[in-house]
Amino acid sequence: MSSSLLRRFSVGFAALTGLLGASLAGIRAAEAVTVPILVADVDSGKVIYAQAPTDPWYPASITKLMTTYVALDLVRQGKVSLDSMITISAAAAAEPPSKMGFKPGTQLTLDNALKIIMVKSANDIAFAIGENLGGSVDNFAALMNETAQRIGMRDSHWYNPNGLPDPRQWTSARDMAVLARALIRDFPDSHDLFSISAIQFGRAVMANHNGLLGRYPGTDGMKTGFICSGGFNVVATATRNGRRIVTIVMGQPTPRERDVKAADLFDYAFSQNAGWTSPTLDALPASTLPQPPDMRPFVCGGKKPPAIEDGPGAISAAGSAAQLIGGAAANSPALAMAAFSNPALRSRTLPPRAPLEPISVWIGRSPAEGQQILDAQAAEQKAAVANSRAAKLEAAKAKRVAALEAAKEARAARAERANAAREASKEASKEAAKSAPKPTSKVAAKPAHALPRSASAYTAATAPSMLEAKPGKGLAKPAPKTAAHKPAPAKKPANKKASADE
């Protein structure tokens, strides 16, 4: 056996063992826990490999392939054109990430809108496409379901154009292979839409979420998707030696494992030839599962989900995920986890990505108009920032003035209270003075004192007036002193009295 043949055999065997990693030793194949996987030849529709291909599954953003088919079909019918304007409504602008974040009222062409949803996977733009082309999201969802039935999809139910969580919206690997073939067959001039490596809006460059583009040789499409309840999904196409293969991988726990598994499937498929015994997509039997499993416990668990592609939304499906996963009922959580525990996948990576080749997109009808709109929005934003700053400064000034006025009023109030207190104190003092008893005079209160016994003269309280001089005579003899003021004579012995009389 040549080394080249041996290598191809080894690669094919390794791919199959990786794909069947959910099977455990001693467990029958019918009891293996599986996630939807399908590999088919695009031209013939022959199935090269299939694993739970018709089981229902939450599609996430691969829904946008269906949105794109409906939009291109309306263009083909002449009802709209790629230059038709898509207006962003308030409802579209409110959709969760991934999104472009355009303001309500923003317009862009359908052509640019389709490029954006294929590369950026913008949920707001896909929602706006549905509103504008269908008149409402519900009407557009009806178009999606009608078109799906017409092109041979039999397992899909559509309720929104962007793939955000809705427990009623699901598809299957088989249906996505049918849709991929229909897009390639019915719109060959638009196939480049699915292989854009990046878009550039203004100065921002956004790479395609499809990790196979620029990393796996020959990859030329198509779309990825993720929500916690559906895991990481991809619909990928690759061409080698004129042969195109479509590969669908769903329910993977990480985008890297999704990409590595898809690359292994391409390696295996290009080494195989779909013979006449291989079944066609139409011949695949219907699934026995009544509804999709909820993969959230196995993909996101208690961790915060990755903020990529479709955002962190989650949905709940009735029943246990462990009982719903795969093509047959599996009642063991260990079996459920086996589908995500392949060490070979966890340790492998794809080669580095080739340099991006961004395609320009814009809002408005032309790049020039789009630039004018962006300039106007930038000026408006700058003015809003300036107005906000001025308003803050004015508010701060008003606050300072109000604080000064409040302090002034507080000082005036304190001074008024102090004056009132002083006046009240004065009034209280006056009232106290009025009510207090009057003190007696000092003269009346002074006790009378007797004259000293040794005094030989006494000055009356009222001084006598000067004697009046009469003409021709001497001074008038003063009047005798009153007895009241004359001290009583002391008693003397009799002999002294006689001497005095003599």
Q.
Within this structure, what is the OG1-CZ distance for the pair Thr254 and Phe226, rounded to the nearest 0.5 Å?
A. 10.5 Å
Q) What heavy-atom pair brings Ala71 and Leu114 nearest, and what distance separates the two atoms? A) CB-CD2, 4.1 Å
Q. Which pairs with one or both residues in residues 137-148 pass side chain to side chain donor-acceptor pair (under 3.5 Å), sequence neighbours excluded?
A. Ser136-Asn139
Q. Tell me the side chain to side chain donor-acceptor pair (under 3.5 Å) pairs involving residues 403-414, sequence neighbours left out?
A. none
**Q.** Heavy-atom pair with the smallest gap, counting every atom of Ser121 and Lys223
**A.** OG-NZ, 3.0 Å
Q) What's the verdict on side-chain contact (heavy atoms from CB on, under 4.5 Å) for Asn123 and Lys64, showing C-alpha distance, side-chain angles and the deciding distance? A) CA-CA 9 Å; Asn123 294 318; Lys64 296 179 176 76; 2.9 Å; yes
Q: To the nearest 0.5 Å, tell me how far Thr67 OG1 sits from Leu72 CG.
A: 11.0 Å
Q. To the nearest 0.5 Å, what is the distance between CG (Leu74) and OG (Ser81)?
A. 11.5 Å
Q: Please name all residues satisfying side chain to side chain donor-acceptor pair (under 3.5 Å) with Arg389, sequence neighbours left out, ordered by chain then number.
A: none
**Q.** Short side-chain to backbone donor-acceptor contact, Gln51 and Val35, under 3.5 Å
**A.** yes
Q.
Walk me through whether Leu108 and Ile116 qualify under side-chain contact (heavy atoms from CB on, under 4.5 Å).
A. CA-CA 11 Å; Leu108 69 163; Ile116 290 172; 3.8 Å; yes
Q. Does the pair Asn208 and Lys120 meet the rule for a side-chain hydrogen bond (donor to acceptor under 3.5 Å, both in side chains), with working shown?
A. CA-CA 6 Å; Asn208 198 311; Lys120 172 63 175 172; over 6 Å; no
Q) So, does Asp155 use its side chain to make a donor-acceptor pair with the main chain of Ser172 at under 3.5 Å? A) no
**Q.** Inter-residue atom distance Asp192.CG - Ile359.CD1, 0.5 Å rounding
**A.** 8.5 Å
Q: For the pair Lys99 (side chain) and Glu95 (backbone), establish whether a donor and an acceptor sit closer than 3.5 Å, ignoring hydrogens and angles.
A: yes
Q.
For the backbone of Asn160 and the side chain of Gln169, can you confirm whether one donor and one acceptor N or O come within less than 3.5 Å of each other?
A. yes
Q. What residues, two or more places apart in sequence or in another chain, satisfy side chain to side chain donor-acceptor pair (under 3.5 Å) together with Ser89?
A. Glu131
Q. With Asp83, which residues qualify under salt bridge (charged side-chain N to carboxylate O under 4.0 Å, His left out), at least two apart?
A. none
**Q.** Minimum heavy-atom distance between Ala60 and Gly225, given as atom pair plus value
**A.** CB-C, 3.7 Å
Q: Could you tell me which residues satisfy salt bridge (charged side-chain N to carboxylate O under 4.0 Å, His left out) with Arg203, sequence neighbours excluded, listed by chain and number?
A: none
Q.
Assess the residue pair Leu183 and Phe194 against the criterion (side-chain contact (heavy atoms from CB on, under 4.5 Å)); give the C-alpha distance rounded to whole Å, side-chain angles, the decisive distance to 0.1 Å, and a yes or no.
A. CA-CA 10 Å; Leu183 283 166; Phe194 310 109; 4.0 Å; yes
Q. How far apart are the closest heavy atoms of Val299 and Cys228, and which atoms are they?
A. CB-O, 3.8 Å
**Q.** Listed partners of Trp170 passing ring pair (Phe, Tyr, Trp, His ring centres under 6.0 Å), at least two apart
**A.** His157
Q.
Applying side chain to side chain contact (heavy atoms under 4.5 Å, CB included), can you list everything that pairs with Val235, at least two apart in sequence or on another chain?
A. Ile62, Leu65, Met176, Ala180, Met222, Val246, Ile248
Q: Give, for atom CD1 of Ile129 and atom CG of Leu110, the distance between the pair rounded to the nearest 0.5 Å.
A: 6.0 Å
Q | Sidechain-backbone polar pair: Arg258 side chain, Gln252 backbone, donor-acceptor under 3.5 Å | A | no
Q. Judged by atom type as modelled, is there a donor-acceptor pair below 3.5 Å linking the side chain of Ser429 to the main-chain atoms of Ser425?
A. yes
Q | Verdict with reasoning, Tyr69 to Asp186, per side-chain hydrogen bond (donor to acceptor under 3.5 Å, both in side chains) | A | CA-CA 9 Å; Tyr69 188 99; Asp186 297 341; 2.5 Å; yes
Q) Within the side chain of Arg215, is there an N or O that forms a donor-acceptor pair under 3.5 Å with the backbone of Leu350? A) yes
(Q) Once salt bridge (charged side-chain N to carboxylate O under 4.0 Å, His left out) is applied, what residue pairs with a partner in residues 106-119 remain, sequence neighbours excluded? (A) Asp111-Lys115
Q. Do Arg154 side-chain atoms and Gln149 backbone N/O form a donor-acceptor pair below 3.5 Å?
A. no
Q: Check whether the side chains of Ser197 and Glu357 place a donor and an acceptor atom closer than 3.5 Å, and report yes or no.
A: no
**Q.** Side chain to side chain, Leu38 and Thr247, heavy atoms closer than 4.5 Å
**A.** no
Q | Side chain proximity check, His209 to Val119, heavy atoms < 4.5 angstrom | A | no
Q. In chain order, what residues pass the salt bridge (charged side-chain N to carboxylate O under 4.0 Å, His left out) check against Arg76, with sequence neighbours excluded?
A. Asp73
Q.
Holding to side chain to side chain donor-acceptor pair (under 3.5 Å), I want the full list of residues that pass it with Thr109, two or more places apart in sequence or in another chain.
A. Asn112
Q) Between Asp124 and Gly101, is there a donor-acceptor pair closer than 3.5 Å when you use the side chain of the first and the backbone of the second? A) yes
Q.
Applying side-chain hydrogen bond (donor to acceptor under 3.5 Å, both in side chains) to Asn210 and Thr224, what does each step give before you reach the verdict?
A. CA-CA 6 Å; Asn210 188 347; Thr224 61; over 6 Å; no
Q. Can you find a heavy atom in the side chain of Val249 that is under 4.5 Å from one in the side chain of Leu265?
A. yes
(Q) For a quick test of reading the model, state the closest non-hydrogen atom pair linking Phe102 to Ala93 and the distance between them. (A) O-CB, 3.8 Å
Q.
Tell me the closest heavy-atom pair linking Ala207 and Ala198, and the distance in Å.
A. CA-CB, 3.9 Å
**Q.** From CA spacing to verdict: side-chain contact (heavy atoms from CB on, under 4.5 Å), Thr349, Arg256
**A.** CA-CA 7 Å; Thr349 58; Arg256 183 183 54 77; 3.6 Å; yes
N/O donor-acceptor pairs under 3.5 Å from side chains in residues 365-373, not counting sequence neighbours:
from	atom 1	to	atom 2	distance (Å)
Ser366	OG	Glu369	N	3.2
Glu369	OE1	Arg365	N	3.2
Gln371	NE2	Asp375	OD1	3.0

(Q) With side-chain hydrogen bond (donor to acceptor under 3.5 Å, both in side chains) as the criterion, how do Gln107 and Thr87 come out once you've worked through the C-alpha distance, each side chain's angles and the decisive distance to 0.1 Å? (A) CA-CA 4 Å; Gln107 290 188 316; Thr87 303; 2.9 Å; yes
Q) Got a second to check how far Trp57's CH2 is from Asp175's CG, nearest 0.5 Å? A) 15.0 Å
Q) Are the side chain of Thr106 and the backbone of Lys103 linked by a donor-acceptor contact shorter than 3.5 Å? A) yes
Q) Can a cation-pi geometry be assigned to Arg168 and Tyr159, taking NZ or CZ under 6.0 Å from the six-membered ring centre and within 45° of the ring axis? A) yes
**Q.** Any Thr171 side-chain heavy atom under 4.5 Å of Pro59 side chain
**A.** yes
